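Order of the sequence lines fixes the chain letters, A, B, ..., with proteins taken first and strands second; residue numbering starts at 1 for each chain. Owing to the predicted nature of the structure, the values given are computational and were not obtained by experimental measurement.
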There are 2 protein chains.
Amino acid sequence: MTVYTIKDISEMFHLPASTLRYYEDMNILTNIRRTASGQRIYEAKHVHRLRTICCLKRTGLSIAKLQAFFTYEEREPEHIDDILNLLTEQQQHITEQLIQFRKDLAHVNRKLHYYGDIKAALTSGKALPRWSNYRDKQF
Amino acid sequence: MTVYTIKDISEMFHLPASTLRYYEDMNILTNIRRTASGQRIYEAKHVHRLRTICCLKRTGLSIAKLQAFFTYEEREPEHIDDILNLLTEQQQHITEQLIQFRKDLAHVNRKLHYYGDIKAALTSGKALPRWSNYRDKQF
DNA sequence: TGTTGACTTCAAGTATACTTGAAGTGGTAT
DNA sequence: ATACCACTTCAAGTATACTTGAAGTCAACA
């Protein structure tokens, strides 16, 4: 089994070591062995766990819900429905965010074209564009 | 010109009135008129501003950067490049988040299939699935 | 006329997610 | 040997984004 130091994991996930210790305190990253002198020894399961933590956190899950999720995972099968409910909610949530983000990207693109044209008009001295011509466009 | 009360705006954007007052304090929602008795009068420009605030906040912009953005907008044209830089960064950021969210959705979908199959195996008494069979699948 | 309800201001409080500081230990370089 | 550096624990501090509470004002209805 390959093992990792806290520095390895910190670099692998672009997370400060303090955050990894914090996740451990919060019981969302568990069963981390120590060397004789007390240094953390991470294993493949922690890498997998962290991938899930990052995935769920990024998409909006709180630490509290992560605690619940991993508690369910450890006490499966009694909590299989809790797991499925949490994952289904999250799936829904990510799907909604994807739809919203596409709209938000379109909004930013419109603004970008508008202000880009304003800059062009300013440097060329031509007439300034009007926002009403950008409002409903897709770029 | 159509005008709106704080309650109208609160319902329109699903934001508590306290948050609208906070945005005003933070100077990202400005020039709000008052009635003789001091009640806020919102106009179309505030609705547009709030659409932008919600779009940028949702996609990760902080209040501090929103302050900067609207300050630039008010002092255009000196800040046209600052506006374009901020919008370009945000465009990039949303694009990256879209890519990541699609991966995160795939991850959640894999977990969902895995635990769904675990539930089926538990109720039918058949052999439990192994995660290795789900790791690289697309659902 | 009074009292209810919805607004107002302003200061202080809260939730979440870390981050930092102090004090200590152990392994390695000079 | 000793100095240094990276790690350790544990408690306290911080950043961000609101939220809440107290005290007051106004309009409208019984």
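Taking each heavy atom of Phe70(B) and Ile28(B) in turn, the nearest pair found is CD1-O, 3.8 Å.
Both tests do not hold together for Arg58(A) against Phe101(B): distance to the six-membered ring centre under 6.0 Å, angle to the ring axis within 45°.
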**OP:** Sugar-phosphate atoms are those with a prime plus P, OP1 and OP2; base atoms are the rest. Using that split, label each nucleotide of nucleotides 8-30 of chain D B, S or - for protein heavy atoms under 4.0 Å, 5' to 3'.
**Re:** BB-------BBBB-----S----
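Phe139(A) and His113(A) have parallel rings, their planes meeting at less than 30° on a 0 to 90° scale where 60° marks the start of perpendicular. Ring-plane geometry between Tyr134(B) and Tyr114(B) is classed as perpendicular, the angle between the planes exceeding 60 degrees on a 0 to 90 degree scale with a lower cut at 30.
The distance from atom OH of Tyr4(A) to atom P of dC7(D) is 17 Å, rounded to the nearest whole Å. Spacing between atom CG of Leu20(B) and atom C1' of dT8(C) amounts to 14 Å, rounded to whole angstrom units.
Side-chain atoms of Gln97(A) and Thr59(A) include no donor-acceptor pair closer than 3.5 Å.
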